[in-house]
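Accompanying notes for the structure given below.
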Protein chains: 2
Amino acid sequence: MLFPIFLLASVAAAATGVIFKPGAWYDGLRKPGFTPPKWAFPVAWTIIYLLSAAAATRVAGLPGAGAALALWAAQIALNTLWTPVFFGARRMALGMAIITTLLVTVAAMTVSFWSLDRVAGAMLLPYLAWLCVASGLNWRIWRDNPAVPRPAA
Amino acid sequence: MLFPIFLLASVAAAATGVIFKPGAWYDGLRKPGFTPPKWAFPVAWTIIYLLSAAAATRVAGLPGAGAALALWAAQIALNTLWTPVFFGARRMALGMAIITTLLVTVAAMTVSFWSLDRVAGAMLLPYLAWLCVASGLNWRIWRDNPAVPRPAA
């Protein structure tokens, strides 16, 4: 039963949201009209992490799951990287590059999971949908807040 | 050929070392006598990331590789988390908890890889050895610098 191991990886990614909080800096930024309410973020990510860990557990025992699990590893590393870059280092352009790579990786992962197990593939669709919103948000915040200074090192 | 996907995950982890640099804060900390020279860190991590991505590529096609690849995903997420927590948020105690979890995960991964393919298991030994040094370093720096303030949020 590999669920606890995939969950450990997801907890590492989720921890970034607790350690690198948006705070006053983020509250002061201009945000687009489609920005979800604050409460939606931890709710969405909890659902996404649980579903994607469960989906990985479903496919991990299947023959030919190597590519699916390699993509799962890539997405969890990119996911762990985004939060400290955006909310810690406050580097919006670099955040945009990371979340775009993450979106492409999760799209490839969804196709790979789907081809092994339709249910596991479907379990990744909320992740893909949420990343479309999150990357749109990153892009608009980056574009609409050109003069926001970064903190000193 | 899954090497580029495992390498993408490793690049995400490695990027933290470029984005969250040690800098003047780290230079001013008391460090133990066994601290490796500065140049050794990027050299060691480059070797470790290449070897662990190559090891994962070797085992990914083998039957029963699910646990090995789940552990690989967990270590790359924990690895990506440690640098921004230690050098970005400057939370040494939390860094210690993360690197200890990482060390246990990599030890389990090495056993798991070894049981599938001796060469792949041996390719993880430099990672395990370096983590022993790095976790000892985190512990001593934490213990020997009790009054170092964290940056404001």
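Please read these numbers as outputs of a predicted model, since none were measured by experiment. A note on names: the letters A, B, ... follow the listed sequences, proteins ahead of strands, and every chain is numbered from 1.
- Linking ILVMFWY side-chain heavy atoms closer than 4.5 Å, directly or via other members, places A:Ile141 and A:Trp139 in a single hydrophobic cluster.
- Using a 4.5 Å cut-off between heavy atoms, B:Thr57 makes no contact with chain A at all.
- Taking all atoms of both residues into account, the shortest heavy-atom contact from A:Ala15 to B:Leu81 is CB-CD2, 4.2 Å.
- Looking at heavy atoms from C-beta onward, A:Leu8 lies in side-chain contact with B:Leu78 at the 4.5 angstrom threshold.
- The distance from atom CZ of B:Phe6 to atom CG of A:Leu69, rounded to the nearest 0.5 Å, is 7.5 Å.
- Between chain B and the residues A:Ile76, A:Leu7, A:Thr105, the most heavy-atom pairs under 4.5 angstrom are made by A:Ile76.
- In terms of non-hydrogen atom pairs under 4.5 Å with chain A, the most contact-rich of B:Gly23, B:Ala13, B:Ala67 is B:Ala67.
- What you find for B:Ala77 and A:Ala9 is that their closest heavy atoms are CB-O, 3.6 Å.
- Other residues, nucleotides and ligands place more than 12 heavy atoms under 6.0 Å from the CZ atom of B:Arg143.
- Both A:Trp130 and A:Tyr26 are assigned to one and the same hydrophobic cluster, defined by single-linkage of ILVMFWY side chains at heavy-atom distances under 4.5 Å.
- Between chain B and the options A:Leu71, A:Thr16, A:Asn79, the largest number of non-hydrogen pairs under 4.5 Å is found for A:Leu71.
- No other option in B:Pro84, B:Ala60, B:Ala108 has as many heavy-atom pairs under 4.5 Å with chain A as B:Pro84.
- When heavy atoms are compared at a cutoff of 4.5 Å, B:Ala56 does not approach chain A at all.
- For A:Ser10, no part sits under 4.5 Å from any heavy atom of chain B, backbone or side chain.
- Each of A:Ile98, A:Leu62, A:Thr101, A:Val85 has some count of heavy-atom pairs under 4.5 Å with chain B, and the biggest count is that of A:Val85.
- Counting heavy-atom neighbours within 6.0 Å of B:Lys21 NZ, excluding the residue itself, gives a total of 12 or less.
- The residue among B:Leu94, B:Leu2, B:Val59, B:Thr83 with the most heavy atom pairs within less than 4.5 Å of chain A is B:Leu2.
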